[in-house]
Number of protein chains: 2
Amino acid sequence: MPTTKKKLEDRAAVIKALGHPSRLLIAQSLMKGERCVCDLKDLVGVDMSTVSKHLTLMREAGVLNCEKRGLNIYYSLACDCLGDFLRCVDRLACGGKKTTCC
Amino acid sequence: MPTTKKKLEDRAAVIKALGHPSRLLIAQSLMKGERCVCDLKDLVGVDMSTVSKHLTLMREAGVLNCEKRGLNIYYSLACDCLGDFLRCVDRLACGGKKTTCC
DNA sequence: GCCTTATTTGGTGAAATGGCCAAATAAATG
DNA sequence: CATTTATTTGGCCATTTCACCAAATAAGGC
């Protein structure tokens with residue numbers, strides 16, 4: 001698969017959707033189950049409008065699903081592979097911390 | 001694991017290092033084996049100084065290793081789990097494309 | 001219908017990002 | 001040692017990102 005430009009950008013968008021501390025924290029929380037926006041606002045500790053924008057970005061990338069029930073909107077992960085994903089990330093994360101190399 | 005702020009940021013940095021089309025393309029190429037900067041410059045099609053900066057960012061996040069041999073610097077992936085990682089990404093990427101939801 | 005609660009949208013500003021170019025560095029070669 | 005080749009560094013500029021705030025929208029309850 002020669003990976004078209006579009007495909008590459010879609011993939012990058014998914015990854016980017018997880019590549020921010022607040023969004024990663026949200027994703028990790030959602031591994032334990034669905035949450036509404038105000039739950040996530042308390043978790044992350046920024047303005048709710050900011051959380052909402054993060055969630056929109058993640059949803060548009062394909063990472064999240066959402067469902068409205070009553071006054072709340074419940075967000076959940078679109079895929080259960082995030083655990084494996086993060087295991088790979090942790091193997092890389094600052095395991096080296098090689099600031100100099102060449 | 002309550003995930004300290006530092007840990008969260010380190011993880012996010014790893015993910016962010018892969019969450020850009022050029023950098024993802026580089027990473028995918030490196031799955032096939034090490035490459036020098038000028039190889040990657042041809043692959044990505046941007047200025048070599050730009051590629052170099054991408055590589056530095058990826059290395060500092062922990063995603064890449066590098067080794068100098070002669071005039072060239074060869075970059076390689078720091079971890080072989082990228083295949084699984086991308087499999088997860090592809091399951092998410094625009095599988096839904098849900099622009100509206102709630 | 002009016003109030004309250006939950007969420008999104010639009011605007012703004014500061015900071016980060018990603019590209020290019022030119023100059024600096026490092027190693028090999030004549 | 002001067003030259004060539006590979007790479008990095010620093011500067012600059014346009015764009016994007018991420019935070020906040022205020023205002024708009026949506027649903028439920030009195």
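Each chain gets a letter, A, B and so on, in the order the sequences are listed, and its residues count up from 1.
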For this session: Taking all heavy atoms of A/V37 and all of A/V51, pick out the closest pair and write down the distance.
Result: CG1-CG1, 4.0 Å
Exercise. Given atom CD of A/E67 and atom P of D/dA26, what is their separation to the nearest angstrom?
Worked result: 19 Å
Exercise. Distance-only, no hydrogens or angles: does the B/R11 side chain make a donor-acceptor pair with backbone N or O of A/P21 under 3.5 Å?
Worked result: no
For this session: Could you run through nucleotides 25-30 of chain C and give me one letter per nucleotide, 5' to 3': B if any protein heavy atom sits under 4.0 Å from the base, S if only the sugar-phosphate is that close, - if neither?
Result: -SBS--
For this session: Look only at the side chain of B/D47 and the backbone of B/S49, and say whether a donor-acceptor pair between them is shorter than 3.5 Å.
Result: yes
Problem set entry | Spacing of A/L71 atom CG and A/C36 atom SG [to the nearest 0.5 Å] | 10.5 Å
For this session: Using atom types as modelled and distance alone, determine if a side-chain donor or acceptor of A/S52 lies under 3.5 Å from a backbone N or O of A/M48.
Result: no
For this session: Determine: side-chain N/O of B/K16 to OP1/OP2 of C/dT17, distance under 4.0 Å, yes or no.
Result: yes
For this session: Round to a whole Å and report the spacing from CD of B/E9 to P of D/dC18.
Result: 13 Å
For this session: Kindly say if A/H20 contacts the phosphate of D/dT17, meaning a side-chain N or O under 4.0 Å from OP1 or OP2.
Result: no
Exercise. For A/L30 and A/S76, what are the C-alpha separation, side-chain angles and deciding distance, and is it a side-chain contact (heavy atoms from CB on, under 4.5 Å)?
Worked result: CA-CA 6 Å; A/L30 294 180; A/S76 56; 5.7 Å; no
For this session: Starting at atom CZ of B/R23, determine the distance to atom P of C/dA16, rounded to an integer number of angstrom.
Result: 15 Å
Problem set entry | Cation-aromatic face contact B/R35/B/Y75, 6.0 Å, 45 degrees | no
Exercise. If only side-chain N and O atoms of B/Y75 are considered, is one of them under 4.0 Å from the OP1 or OP2 phosphate oxygen of D/dA6?
Worked result: no
Problem set entry | SG-SG under 2.5 Å, A/C88 vs B/C81 | yes
For this session: Give a yes or no on whether the backbone of B/L64 and the side-chain of B/R59 come within a donor-acceptor separation of less than 3.5 Å.
Result: no
Exercise. Is any side-chain nitrogen or oxygen of B/N72 closer than 4.0 Å to OP1 or OP2 of D/dT7?
Worked result: yes
For this session: Using a cut-off of strictly less than 4.0 Å between a heavy atom of the residue and any atom of DNA chain D, enumerate the qualifying residues of residues 27-58 of chain B by number.
Result: B/C36, B/V37, B/C38, B/M48, B/S49, B/S52, B/K53
Exercise. Expressed in angstrom and rounded to an integer, what is the separation of B/Y74 atom OH from D/dT5 atom C1'?
Worked result: 12 Å
